[in-house]
Amino acid sequence: QVQLVESGGGLVQSGGSLRLSCVASGSGFWFYTMDWYRQAPGKQREMVAAIGNSGRTNYADAVKGRFTISRDNAKNTVYLQMNSLKPDNTAIYYCYQGRGSSYWGPGIQVTVSS
């Protein structure tokens, strides 16, 4: 069983930055791709960024150049550095790991005020 717990969200002004963290329980963290998703009010959940076990990254077009995903396998942690935040980045952000079964964190609120 894998448990994911996000932290680092909150309220920030437009143009500001936040860093989200997600700690994973269980073994084998280093092997699996880790993703960040988000869901804004009234919208579908969407992928924001992903990082593979090689460190290769993938980003949604809307966040390229502003968000950076990274991982620390020694700490079983994946990060999402979010810079130049905009009000439409307001959403609940979720950590995700797929390893046969899908594992989601409970989500954390990010609110960007204008």
Side-chain angles (χ1 to χ4, degrees):
Q1 188 74 12
V2 174
Q3 289 188 325
L4 306 173
V5 179
E6 303 96 342
S7 63
L11 174 64
V12 63
Q13 289 188 332
S14 182
S17 298
L18 282 175
R19 188 175 83 153
L20 304 183
S21 300
C22 170
V23 179
S25 67
S27 61
F29 173 84
W30 64 271
F31 184 76
Y32 297 98
T33 295
M34 296 296 299
D35 299 356
W36 285 97
Y37 281 74
R38 67 185 177 189
Q39 187 165 18
K43 295 187 177 181
Q44 290 188 331
R45 194 172 296 190
E46 61 178 0
M47 194 277 287
V48 176
I51 184 166
N53 59 11
S54 67
R56 184 174 180 176
T57 57
N58 186 36
Y59 296 93
D61 288 343
V63 306
K64 283 180 181 177
R66 298 188 298 119
F67 290 12
T68 303
I69 188 170
S70 61
R71 65 191 300 162
D72 184 338
N73 292 332
K75 296 182 178 179
N76 278 19
T77 302
V78 61
Y79 304 97
L80 185 67
Q81 177 67 43
M82 305 185 293
N83 298 330
S84 302
L85 283 162
K86 306 173 182 179
D88 63 3
N89 298 144
T90 295
I92 299 174
Y93 284 72
Y94 299 89
C95 183
Y96 170 82
Q97 182 187 83
R99 51 158 83 188
S101 298
S102 295
Y103 296 96
W104 293 91
I108 193 159
Q109 179 70 47
V110 170
T111 302
V112 185
S113 63
S114 57

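In this chain, residues are counted from 1 in sequence order.
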Should [X] and [Y] be regarded as members of a common hydrophobic cluster, given that ILVMFWY residues are connected when their side-chain heavy atoms come within less than 4.5 Å of each other, either directly or indirectly?
X	Y	answer
I69	Y79	no
M82	I92	no
V78	M47	no
V2	Y37	no

Hey, does [Y] have a side-chain heavy atom less than 4.5 Å from the side chain of [X]?
X	Y	answer
M34	L4	yes
Y59	T68	yes
R45	Y94	yes

Ignoring hydrogens and angles, state whether a donor on the side chain of R56 or N58 is under 3.5 Å from an acceptor on the partner side chain.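 No.
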
Point-to-point distance, once rounded to the nearest 0.5 Å, from [atom1] of [X] to [atom2] of [Y]:
X	Y	atom1	atom2	answer
Q13	L85	CD	CG	11.5 Å
N76	Q3	CG	CD	12.5 Å
D72	F29	CG	CZ	8.0 Å

Could you report the tightest heavy-atom contact between [X] and [Y], atom names first, then the distance?
X	Y	result
E6	P106	OE1-CD, 3.1 Å
G9	V110	CA-CG2, 4.2 Å
R99	Q97	NE-OE1, 2.7 Å
D35	A50	OD1-CB, 3.2 Å
L80	A49	CD1-CB, 4.1 Å

Please set out all donor-acceptor pairs under 3.5 angstrom arising from side-chain atoms of residues 15-24, sequence neighbours excluded.
residue: S17; atom: OG; partner: N83; partner atom: OD1; Å: 2.9

Audit row: R38, V63, side-chain contact (heavy atoms from CB on, under 4.5 Å) steps and yes/no: CA-CA 12 Å; R38 67 185 177 189; V63 306; 3.9 Å; yes

Members besides W30 in its Ile/Leu/Val/Met/Phe/Trp/Tyr cluster (side-chain heavy atoms under 4.5 Å):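 Members other than W30 - counting any ILVMFWY side chain reachable under 4.5 Å - are F31, Y32.
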
According to side-chain hydrogen bond (donor to acceptor under 3.5 Å, both in side chains), does anything in residues 102-114 pair up with another residue at least two apart or in another chain? List the pairs. Y96-S102, Q109-T111

Is a side-chain donor or acceptor of T57 paired with a backbone partner of I51 at a separation under 3.5 angstrom?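 The answer is no, because no donor-acceptor pair under 3.5 Å joins these two groups.
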
